[in-house]
Engineer: 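Here it is, the structure, as structure tokens.
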Amino acid sequence: MGLRLYNTLTRKVEDFKPLEEGRVGIYVCGPTVYGHAHLGHGKSYVSFDVLVRYLRYLGYTVDYVQNITDVGHLTDDADAGEDKIGKQAARERKHPMAIAEYYTRSYFEDMDALNCLRPDISPRATGHIPEQIELVQTLIEKGYAYEVNGSVYFDVSKWPSYGRLSGRNVEDMQAGARVDINEEKRHPADFALWKKAEPGHIMQWNSPWGRGYPGWHLECSAMSMKYLGRTIDIHGGGIENQFPHHECEIAQSEAANGVPFVRTWMHHNMVTVDGQKMGKSLNNFITLKQIFSTHTEHKHERLSRKYDPLAVRQLILQSHYRSPIDFSDAALSAAQSGYDKITNTVKSLRKKIEKIPGKIEETPGSEINEYVKSQLQQNREKFETAMNDDLNTSIALSIIFKIATITNEYINYPGPDKVTKSSLLEIDKFFRNLGGNVLGIIKDEYDQQVESDDIKRYELAIDGIIEWRNEARRNKNFVIADKLRGILGSVGIILEDKPDHTSWRLG
RNA sequence: GGCGGCGUACCCAAGCGGCCUAAGGGGACGGUUUGCAAAACCGUUAUCCGUCGGUUCGAAUCCGACCGCCGCCUCCA
């Protein structure tokens with residue numbers, strides 16, 4: 001059985017089959033770059049990163065497009081157009097493009113840390129104004145849009161299936177709608193394709209309707225069409241964008257092209273912090289940089305320590321992408337411990353491989369251990385079954401843990417089974433493939449020691465103290481030995497005595 | 001008011017009609033190992049899945065009611 005994905009459009013898990021054999025086009029709604037990326041971005045892009053990675057693992061060629069919104073999203077749909085980037089630009093007294101550039105770089109930096117593969121194309125909205133204008137023109141020509149006083153609106157009454165994706169109908173939405181009445185619109189549900197620029201609006205362009213800027217749903221339609229064609233296999237985004245954003249995308253794209261816009265709609269669920277929606281006003285808004293930073297002055301007050309970016313990734317993968325996830329210091333800390341366990345295992349596995357000299361064919365008893373072989377085989381199948389079932393990363397991850405336990409058992413307590421280099425390499429291959437290439441929580445290389453410059457400077461001293469302590473241990477002077485361990489421990493350095501040497505790590 | 005989701009051990013979380021006397025992680029406790037630790041390994045930690053009814057030979061899984069929580073309906077990942 002192949003990959004099956006939940007499709008919001010049909011509310012069912014369906015067999016996944018791309019339009020073109022062996023090739024998948026994916027468009028994911030990217031960030032609006034007016035601030036540092038937060039936990040919500042983390043969940044979103046890790047989720048879709050795993051989708052892309054798994055599709056590639058299955059042998060598909062994937063065209064992954066994720067936009068960068070550097071203009072156009074206003075604070076509301078009705079009018080009162082305040083561009084969030086413009087707002088931030090005013091606050092920081094910088095050019096809007098400088099703001100967009102700065103936070104775009106910051107975003108990529110954080111996504112790299114989370115081990116998310118870069119999209120194949122990261123199109124900027126401002127780089128596609130002509131395409132957007134063209135799309136608006138098409139919609140006007142086909143009678144789906146109308147111009148009023150320099151602004152252009154999509155006529156929802158011309159598109160009966162509006163609301164299908166989100167399970168709403170235009171009438172129901174009237175009652176509790178918080179959208180202000182806009183005099184220009186023929187119907188309150190009509191949405192802006194192009195807005196006339198008020199004199200003070202910083203970002204604006206020439207158009208057939210005068211100076212203005214694009215409406216907030218338009219860029220995704222224009223750019224996905226340009227890079228992936230009129231019908232795309234998968235469109236992903238946050239569940240909060242189901243309505244109105246994705247609904248509007250469908251309407252304008254299909255009205256313009258006359259063909260289905262998206263075959264599979266995927267929506268991930270939201271993030272809460274300590275059980276509450278994450279929001280700037282609630283003081284529980286946590287950026288990824290605040291979690292990753294070693295510098296205590298940047299730390300968020302709800303966090304007790306810094307966490308490894310890949311531990312955050314692991315926490316995200318521990319639950320399903322369609323489930324909400326609650327971040328708390330306790331959850332982060334538990335994920336960090338679990339992440340450390342896997343990392344420790346992989347590190348000691350690789351150390352062990354290095355210690356067995358020679359090429360495989362020269363190593364005596366180089367055959368793969370039968371038990372190891374069957375376990376890897378079995379668990380690979382389970383892993384694929386889990387991932388095929390709408391990306392059940394929680395189970396996939398549990399299989400990595402299972403193999404970690406088997407690995408430790410095999411290395412440390414081989415019993416009658418001989419530890420062979422081939423077996424160890426086979427296990428490492430499993431980790432690199434499933435834990436690394438697919439889940440992205442196992443690195444191909446781990447730094448020898450800590451990256452932090454502060455620690456690096458003291459490495460010699462640390463090694464010296466360890467040497468001193470081992471001399472004491474050899475002389476059975478355990479009082480001194482324990483005292484030295486205590487001193488290192490008090491600055492967060494934890495020692496591990498191995499049969500032949502002592503290693504250290506930061507606790 | 002409309003739409004959607006969730007409630008599983010001390011915490012996180014998978015399971016969505018029989019393989020469940022319920023994965024996996026964290027924590028706690030006990031053991032092996034260790035000079036002692038750390039790491040690792042082994043074991044224990046839910047006869048039960050918010051509550052009450054129903055459907056079924058059989059339900060955590062389906063249906064109904066109720067209680068509690070959350071999200072969307074305004075930009076948001």
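Every chain is numbered from 1 and lettered A, B, ... according to where its sequence line falls, protein lines coming before strand lines.
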Engineer: Can you tell me how far CD1 of Ile442(A) sits from CG of Leu434(A), rounded to the nearest 0.5 angstrom?
Structural biologist: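 If I round to the nearest 0.5 Å, the distance is 8.5 Å.
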Engineer: Could you state the atom-to-atom distance from NE2 of His268(A) to C1' of rC76(B) in whole Å?
Structural biologist: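 One finds 10 Å between C1' of rC76(B) and NE2 of His268(A), rounded.
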Engineer: With a non-hydrogen cut-off below 4.0 angstrom, is Arg322(A) in contact with a base, only sugar-phosphate, or nothing?
Structural biologist: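 Here Arg322(A) touches no strand at all.
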Engineer: Step by step, would you call Arg105(A) with Glu101(A) a salt bridge (charged side-chain N to carboxylate O under 4.0 Å, His left out)?
Structural biologist: CA-CA 6 Å; Arg105(A) 289 176 194 171; Glu101(A) 194 61 37; 3.4 Å; yes
Engineer: Quote, to the nearest angstrom, the P distance that separates rU32(B) from rC48(B).
Structural biologist: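 Result for the P pair: 33 Å, nearest Å.
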Engineer: Expressed in angstrom and rounded to an integer, what is the separation of Leu484(A) atom CG from rA37(B) atom P?
Structural biologist: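 Those two atoms, CG and P, are 18 Å apart.
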Engineer: Nearest-Å distance, CG (Asp326(A)) to P (rC6(B))?
Structural biologist: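 One finds 16 Å between P of rC6(B) and CG of Asp326(A), rounded.
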Engineer: Given atom CG of Leu332(A) and atom C1' of rG26(B), what is their separation to the nearest angstrom?
Structural biologist: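 After rounding, the reported distance stands at 12 Å.
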Engineer: Go through the steps for His246(A) and His267(A) under the test ring-ring contact (aromatic ring centres under 6.0 Å, His included), then give the verdict.
Structural biologist: CA-CA 10 Å; His246(A) 295 331; His267(A) 294 278; 5.0 Å; yes
Engineer: Which residues pass the side-chain hydrogen bond (donor to acceptor under 3.5 Å, both in side chains) test with Arg118(A), not counting sequence neighbours?
Structural biologist: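 Expected list: Asp112(A).
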Engineer: Can you name the closest pair of heavy atoms from His38(A) and Met278(A) and give their distance?
Structural biologist: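 Looking at all heavy atoms of both residues, the closest pair is CD2-CE, 3.2 Å.
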Engineer: Under a 3.5 Å cut-off on both pairing distances, which runs of 3 or more consecutive Watson-Crick or G-U pairs involve RNA chain B?
Structural biologist: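 Ordered by first number, the stems with RNA chain B (at least 3 consecutive pairs each) read B:1-7 with B:67-73, B:10-12 with B:24-26, B:27-32 with B:40-45, B:50-54 with B:62-66.
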Engineer: Kindly state which residues belonging to residues 45-52 of chain A come within less than 4.0 angstrom of RNA chain B, counting heavy atoms of the residue only, listed by number.
Structural biologist: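 Per residue number, the list reads Tyr45(A).
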Engineer: List the atom pairs, donor and acceptor, that lie under 3.5 Å between side-chain atoms in residues 44-53 of chain A and the rest of the protein, sequence neighbours left out.
Structural biologist:
from	atom 1	to	atom 2	distance (Å)
Tyr45(A)	OH	Cys29(A)	O	2.8
Ser47(A)	OG	Lys43(A)	O	2.6
Asp49(A)	OD1	Leu117(A)	N	2.8
Asp49(A)	OD2	Arg53(A)	NE	2.7
Asp49(A)	OD2	Arg313(A)	NH1	3.1
Asp49(A)	OD2	Arg313(A)	NH2	2.8
Arg53(A)	NH1	Gly436(A)	O	3.1
Arg53(A)	NH1	Asn437(A)	O	2.8
Arg53(A)	NH2	Asn115(A)	O	2.8

Engineer: For a quick check of understanding: with a heavy-atom distance under 4.0 Å over all strands, which category does Ser328(A) fall into, base, sugar-phosphate or nothing?
Structural biologist: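 Nothing: the residue Ser328(A), judged by heavy atoms under 4.0 Å, touches no strand.
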Engineer: Decide yes or no on side chain to side chain donor-acceptor pair (under 3.5 Å) for Trp504(A) and Thr502(A), but give the supporting numbers first.
Structural biologist: CA-CA 7 Å; Trp504(A) 63 272; Thr502(A) 297; over 6 Å; no
Engineer: What's Arg469(A) touching, base or sugar-phosphate or nothing? Going by heavy atoms closer than 4.0 Å.
Structural biologist: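 Touches a base.
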Engineer: Could you give all pairs that pass the salt bridge (charged side-chain N to carboxylate O under 4.0 Å, His left out) test and reach residues 316-336 of chain A, with sequence neighbours left out?
Structural biologist: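 For residues 316-336 of chain A, and leaving out neighbouring residues, the salt bridge (charged side-chain N to carboxylate O under 4.0 Å, His left out) pairs sorted by first residue read Arg322(A)-Asp390(A).
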Engineer: Please report the C-alpha distance between Asn67(A) and Tyr27(A) in whole Å, then the side-chain angles of each, then the deciding distance to 0.1 Å, and finally whether the side chain to side chain donor-acceptor pair (under 3.5 Å) criterion is met.
Structural biologist: CA-CA 8 Å; Asn67(A) 63 291; Tyr27(A) 187 93; 3.1 Å; yes
Engineer: For Asn269(A), what residues pass the side-chain hydrogen bond (donor to acceptor under 3.5 Å, both in side chains) criterion, not counting sequence neighbours?
Structural biologist: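 Checked Asn269(A) against side-chain hydrogen bond (donor to acceptor under 3.5 Å, both in side chains); zero matches.
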Engineer: Between rA22(B) and rA59(B), how far apart are the P atoms? Round to whole Å, please.
Structural biologist: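 Here rA59(B) and rA22(B) have their P atoms 16 Å from each other.
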Engineer: Rounded to whole Å, how long is the line connecting atom CG of Leu488(A) with atom P of rC36(B)?
Structural biologist: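 Rounded to whole Å, this separation is 20 Å.
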Engineer: Show each protein N/O and nucleotides 27-31 of chain B N/O combination with a separation under 3.5 Å, one pair to a line.
Structural biologist:
none

Engineer: Once salt bridge (charged side-chain N to carboxylate O under 4.0 Å, His left out) is applied, what residue pairs with a partner in residues 485-500 of chain A remain, sequence neighbours excluded?
Structural biologist: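 Applying salt bridge (charged side-chain N to carboxylate O under 4.0 Å, His left out) to every pair that reaches into residues 485-500 of chain A, excluding sequence neighbours, yields Lys355(A)-Asp500(A), Arg469(A)-Asp497(A), Arg473(A)-Asp497(A), Asp482(A)-Arg485(A), Glu496(A)-Lys498(A), Glu496(A)-Arg505(A).
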Engineer: Given the C1' atoms of rU61(B) and rA23(B), what is the spacing between them in whole Å?
Structural biologist: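 Going atom to atom, C1' in each nucleotide, I get 16 Å.
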Engineer: Give the B/S/- string for nucleotides 38-45 of chain B, one per nucleotide from 5' to 3', where a protein heavy atom under 4.0 Å of the base yields B, of only the sugar-phosphate yields S, and otherwise -.
Structural biologist: BSBSS---
Engineer: Which part of the nucleic acid, if any, lies within contact of Gly338(A), taking any heavy atom under 4.0 Å across all strands shown: a base, the sugar-phosphate backbone alone, or nothing?
Structural biologist: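 Since only primed, P, OP1 and OP2 atoms lie under 4.0 Å of Gly338(A), the category is sugar-phosphate.
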Engineer: Roughly how far apart, to the nearest Å, are rU56(B) and rC11(B) at atom C1'?
Structural biologist: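 Straight-line distance between the two C1' atoms is 35 Å.
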Engineer: Rounding to the closest angstrom, what is the interatomic distance between rC66(B) and rG2(B) at atom P?
Structural biologist: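 After rounding to an integer number of Å, I get 14 Å for this pair.
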Engineer: Side-chain contact test, heavy atoms from C-beta onward, threshold under 4.5 Å: evaluate it for Asp463(A) versus Trp468(A) and give yes or no.
Structural biologist: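 A side-chain contact is absent here, since even the closest heavy-atom pair is not under 4.5 Å.
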Engineer: Could you state the atom-to-atom distance from CD1 of Ile325(A) to P of rC11(B) in whole Å?
Structural biologist: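 One finds 17 Å between P of rC11(B) and CD1 of Ile325(A), rounded.
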Engineer: Do any side-chain nitrogens or oxygens of Ser323(A) fall under 4.0 Å of OP1 or OP2 in rA14(B)?
Structural biologist: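 Checking Ser323(A) against rA14(B): at least one side-chain N or O falls below 4.0 Å of OP1 or OP2.
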Engineer: In whole Å, measure the gap between the P atoms of rG15(B) and rG58(B) for me.
Structural biologist: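 To the nearest whole Å, 26 Å.
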Engineer: Measure CG/Asp110(A) against P/rA77(B) and give the value in whole Å, please.
Structural biologist: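 These atoms are roughly 14 Å apart.
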Engineer: Under 3.5 Å, which N/O atoms of the protein pair with N/O atoms of nucleotides 67-72 of chain B?
Structural biologist:
from	atom 1	to	atom 2	distance (Å)
rG71(B)	OP1	Lys277(A)	N	3.4
rC72(B)	OP1	Lys277(A)	NZ	2.2

Engineer: Can you tell me how far the CZ atom of Phe292(A) sits from the CG atom of Asp308(A), to the nearest 0.5 Å?
Structural biologist: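 One gets 8.5 Å once the value is rounded to the nearest 0.5 Å.
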Engineer: Taking only the P atom of each, what is the distance from rC29(B) to rG18(B) in whole angstrom?
Structural biologist: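 Their P atoms lie roughly 38 Å apart.
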Engineer: Under a 4.0 Å N-O cut-off, is there an ion pair linking Glu247(A) with Arg164(A)?
Structural biologist: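 So Glu247(A) does not pair with Arg164(A) through a salt bridge.
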Engineer: P atom, rA77(B) versus rC70(B): distance in rounded Å?
Structural biologist: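 Taking atom P in both rA77(B) and rC70(B), they lie 22 Å apart.
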Engineer: Indicate for each nucleotide in nucleotides 15-23 of chain B, in 5' to 3' sequence, whether protein heavy atoms under 4.0 Å reach the base (B), only the sugar-phosphate (S), or nothing (-).
Structural biologist: S-------B
Engineer: Is Asp389(A) salt-bridged to Arg4(A), cutoff N-O under 4.0 Å?
Structural biologist: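 Answer for the salt bridge query: no.
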Engineer: Quick one: list whatever passes side chain to side chain contact (heavy atoms under 4.5 Å, CB included) with Ser333(A), sequence neighbours left out.
Structural biologist: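 In terms of side chain to side chain contact (heavy atoms under 4.5 Å, CB included), with neighbours along the sequence ignored, Ser333(A) is linked to Tyr307(A).
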Engineer: Roughly, in whole Å, what's the span from CD1 in Ile316(A) to P in rA13(B)?
Structural biologist: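 Taking CD1 of Ile316(A) and P of rA13(B), I get 13 Å after rounding.
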Engineer: Set out, in order, the CA-CA distance, both residues' side-chain angles and the distance that settles side chain to side chain contact (heavy atoms under 4.5 Å, CB included) for Lys185(A) and Tyr153(A), then state yes or no.
Structural biologist: CA-CA 7 Å; Lys185(A) 291 183 188 177; Tyr153(A) 297 95; 3.9 Å; yes
Engineer: Looking only at side-chain atoms of His38(A), point me to the closest of rG24(B), rA14(B), rA77(B).
Structural biologist: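 Shortest atom-to-atom distance from the side chain points to rA77(B).
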